[in-house]
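For reference, the structure is listed below as structure tokens.
Source: prediction; values computed, not measured. Letters A, B, ... are given to chains in the order of the sequence lines, protein chains preceding strands, and every chain is numbered from 1.
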Amino acid sequence: MGDKQSGVHAKYDYIHDQESSPSPLDAHHVEVRRSGAKPVAACFFAALVSAYAFFAFYSKEKPNILAVWGIPLGALLMMKLCWRTVKKESVLIMPTFGVQLETHYRSGRIIRRFVPMGKILKPVLQECVTPVTCYWCLSLLLRDEEQLMLVFKEIRSPLKMLIPIWKALCAAADEGGGLEECGPDG
Amino acid sequence: MADWRRHRILMVSDFFYPNFGGVESHIYYLSQCLLELGHKVVVMTHAYANRSGVRYMTGGLKVYYIPWKPFLMQNTLPTFYGTLPIIRNILIREKISLVHGHQAFSTLCHEALMHARTMGYKVVFTDHSLYGFADIGSIHMNKVLQFTLADVSQAICVSHTSKENTVLRLVYRKGADLLVEVIPEVCRLFPQVRFIVGGDGPKRVRLEEMREKHSLQDRVEMLGAVPHARVRSVLISGHIFLNSSLTEAFCIAILEAASCGLLTVSTRVGGVPEACTVFVLLPRPNLL
């Protein structure tokens, strides 16, 4: 059964699923709350751009050939705003086996990344600074890798939602890292 | 006993570690002292090379290296509102109670103080600089400083000389402080000289204090603000016109005095040498 924590943040919902049988799986989901206004506004704007492109291209007075580029531009805009919207991101922790990171889009596409438990050195919470903002993110320090791996690639969830996920990853990494240290010869 | 409470202080400047200098050292050591007193201190500066993001220094001093490229002489590009989002973000997430800006030449400092005051925070400004009044850079800087200092809660200067220099810059233009030094000396050397001072402003108090201090009430006459219609009648009552401005683009007052038949003495600043080349004595202003 999922333990849903809504109201912590206006934009996201945090769901924690923990199953104990047949195999223990610790799943953490961060869902994006759907805004009704955004897809409607995006479609309206894309339709406006496409309509202007048609009008400019087929205008009898002074047809603008270059305006034909407005049609694919409007289509791309609609794709970006509606279909590439993230629905939720999930962290599935399989103790001693690995961690699966999933990104679910509203179009139905799912991107999955699997990280073996032995590869994880340490999950870290860090502050990211951009020229206009500063936010917390959860990353994985990987063995023999220079770059950190972001757990949530698209979503910038608040710190309160990241902390329980970070604790669960730390517990799983400590447990899995202990077994890995034994090596292939035992 | 004053009510003492812990503050969460944001130090802002374009000049910080890994650069080494007076301002940088000042910010660092002041932050360490405040941390020892139990306050929380956060420093905000721009990124240096690949040093970007959040770093922690000795004593838990948190430093935000904002990824803004230095534009000129280690200063970020002044955009007025470009830094507002990140400054507001830091002020809220760190629960800052006081913003302390350093160095008059830091554009990041001025912008942060402006945005912090707009958001209702208390702000303090520390001036580490000492410069003149006549060149274009100094004039521009003084204008910016007037804007910033008009709305700070407190201003700190790093020395008495710096304090005099900073105060001078606020109403520096007409050189009233030069008069405060010159008048008693002239009165002492030439017993037959009398002064007639026309005009009003923040520095009038200093002139009146000088008059009281040296007992020159019968030698120095203060007219206050003079309506323009009466300027001629005041000018023709004198023999020498003294202009002590520290910066002047042209100085029409010299021409008015000369046209009334007065001998003109003026400081050699700005456009004054161009306005009057024949009948003036031109010393350079020197408060030392």
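- Each of A/Val124, A/Leu148, A/Leu169 was compared with A/Leu140 under the side-chain contact (heavy atoms from CB on, under 4.5 Å) criterion, and only A/Leu169 meets it.
- The environment of A/Phe114 atom CZ is dense: over 12 non-hydrogen atoms of other residues, nucleotides or ligands sit within 6.0 angstrom.
- A heavy-atom distance below 4.5 Å is not found between the side chains of A/Met161 and A/Phe152.
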Candidate polar pairs, chain B side and chain A side, donor-acceptor under 3.5 Å:
{"unit_1": "B/Lys62", "atom_1": "NZ", "unit_2": "A/Glu127", "atom_2": "OE1", "d": "2.9"}
{"unit_1": "B/Lys62", "atom_1": "NZ", "unit_2": "A/Glu127", "atom_2": "OE2", "d": "3.1"}
{"unit_1": "B/Trp68", "atom_1": "NE1", "unit_2": "A/Pro131", "atom_2": "O", "d": "3.1"}
{"unit_1": "B/Ile86", "atom_1": "N", "unit_2": "A/Val132", "atom_2": "O", "d": "3.4"}
{"unit_1": "B/Asn89", "atom_1": "ND2", "unit_2": "A/Thr133", "atom_2": "OG1", "d": "2.9"}
{"unit_1": "B/Arg93", "atom_1": "NH1", "unit_2": "A/Glu127", "atom_2": "OE2", "d": "2.2"}

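- No side-chain heavy atom of B/Cys109 sits less than 4.5 Å from a side-chain heavy atom of B/His102.
- Side-chain N or O atoms of B/Asn75 include one that pairs as donor or acceptor with a backbone N or O of B/Phe105 at under 3.5 Å.
- None of A/Leu150, A/Leu162, A/Val91 except one satisfies the side-chain contact (heavy atoms from CB on, under 4.5 Å) rule with A/Leu138; the exception is A/Leu162.
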